[in-house]
There are 2 protein chains.
Amino acid sequence: MATVKKKRSGESAEKKIVEAARKLFTEKGYYAIKTRDIAKEAGINLALLNYYFRSKEKLFAIIMKENTVRFMQIITEIVDDEKTSIEKKISMLVTNYIDMLSLNPDMPLFIMSHAQRDDQRIRMREKMMSSFFMKQIQQAIKSGKVANINPANLMMNIVSLTIFPFIARHVMQGLTPKQFNELMEERKRMIPLWIEAMLKVK
Amino acid sequence: MATVKKKRSGESAEKKIVEAARKLFTEKGYYAIKTRDIAKEAGINLALLNYYFRSKEKLFAIIMKENTVRFMQIITEIVDDEKTSIEKKISMLVTNYIDMLSLNPDMPLFIMSHAQRDDQRIRMREKMMSSFFMKQIQQAIKSGKVANINPANLMMNIVSLTIFPFIARHVMQGLTPKQFNELMEERKRMIPLWIEAMLKVK
DNA sequence: GTCTATATTCTGATAGAC
DNA sequence: GTCTATCAGAATATAGAC
């Protein structure tokens, strides 16, 4: 038996720690979570956390990086494609975000809450505003195909309608998780249509 | 000189503490702020904070209450009025929120971040869904004046378009505060028009 | 009411045995 | 690699002088 890896009952300790950290940091944020919480959740000893990651700060940086990459990747993969139509891109942005966030519902609030203290700041606006997607929009405005909307506001609208519900989940009490999912499924269909309607407003 | 109050250079100590706590908690959240930070910001001694408020938790509860009341008040004052039209209500919600949040830009992220741990939970959804405003909408749908939109989604859209930009401020880097304000001024005008357009989408 | 000093608990991190 | 035990500093809260 040469390169056999690990036993059952859960991966390497290192991986278990990262998983626990991802879960807890993303749920509650950097300051609310103590290293002891992570160790307990991971089912390992507190000392081991420092053995592998040296400090809470460094472990957090890993999770922050993971989350921002996953969060930005959706935009990155879509907006700069030169062969996709405006309508298709909007529809893809909405669908891909809602699908991803349904699996990671705490991610947006995590991102927004930690954007200040983050080193390699997230560049959502920059990414979208300098994209080929924005060129397409400006072209469509010039040719009169859509109304003269401020591109920054268009971008803000797509993102707001898609992401905000996940951020506001906890103040939207009364919705069961099932109802919330149904609502988001409906929004996947409707948001592109609503955006389209906006693009006709003078 | 009978009921003369206090000296210049800043109110009572109690008030100064509350003001410092409001500023810091709202900006950075419960866990990120230490009682020492508040004492320092208020320009008073640490012991005095406990003398007046007994614990960090109790002081925080006051700020939480203040913020949620101010946040909900806008909705409360508008949606149940029986003499105001749908269009006017939407316009008032948008304008009043943007005006208030321009003065308290950190409030929405504070509310969303602390909604979980809050005792007397915020009831945004409940308030809006059971309001006279919703009756008006349902009436308008029935009479065919607007498309058959899911009322929960309509409410989500109004709130998303209005509030999300304040939450995402820090990931929307590159905007100066001045540019941000201009953007929000434009949104005050446009959001009601965009909502109106949505309400025609089948 | 306001302060200084201090008690107490919490928390991040390390030393050292296995 | 993993654990137990422990340290050092931070953070909340209180005692007691003024």
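Chain A is the first sequence line, chain B the second, and so forth, proteins listed ahead of strands; every chain is numbered from 1.
An OP1 or OP2 oxygen of dT2(D) is reached within less than 4.0 angstrom by a side-chain nitrogen or oxygen of Tyr52(A). Considering only side-chain N and O atoms, Arg54(A) lies nowhere under 4.0 angstrom from the phosphate OP1 or OP2 of dG12(C). Remark: Thr35(A) is in phosphate contact with dG12(C), judged by side-chain N or O atoms under 4.0 Å from OP1 or OP2. Phosphate contact (OP1/OP2 of dT2(C), side-chain N/O of Asn45(B), threshold under 4.0 Å): absent.
Side chain of Ala47(A), nearest nucleotide from dA15(C), dC3(C), dT2(C): dA15(C).
Ion pairing between a basic and an acidic side chain is recognised when a charged N comes within 4.0 Å of a carboxylate O; Glu57(A) and Arg117(A) show such pairing. The existence of a salt bridge linking Lys28(B) and Asp106(B) is excluded, since no basic side-chain nitrogen approaches an acidic carboxylate oxygen closer than 4.0 Å. Salt bridge annotation for Lys15(A)-Glu19(A): absent, with no cationic side-chain nitrogen under 4.0 angstrom from a carboxylate oxygen.
dA8(D) atom P lies 17 Å from atom CG of Leu46(A), rounded to whole Å. Summarising the geometry, the separation between NZ on Lys34(B) and P on dG9(D) is reported as 18 Å, rounded to the nearest angstrom. One interatomic measurement links the two molecules: CG of Leu48(B) to P of dC18(D), which rounds to 18 Å at whole-angstrom precision. dG1(C) atom C1' lies 5 Å from atom OH of Tyr51(B), rounded to whole Å. Whole-Å rounding puts the Phe60(A) CZ to dG12(C) P distance at 13 Å. With rounding to whole Å, Phe53(B) atom CZ is found 21 Å from dA11(D) atom P. As a whole-Å value, the separation of Tyr31(B) OH from dT11(C) P is 10 Å. Nucleotide dA10(D) holds its C1' atom 12 Å from the NZ atom of Lys56(B), rounded to whole Å.
Taking the six-membered ring where tryptophan is involved, the planes of Tyr30(B) and Phe60(B) are perpendicular, since the angle between them exceeds 60° and thus also 30°.
Annotation: cation-pi geometry not satisfied between Lys127(A) and Phe133(A) (NZ/CZ under 6.0 angstrom from ring centroid, within 45° of ring axis).
With DNA chain D read from its 5' end, the first of the two nearest nucleotides for Gly43(A) and Arg36(A) is the one closest to Gly43(A).
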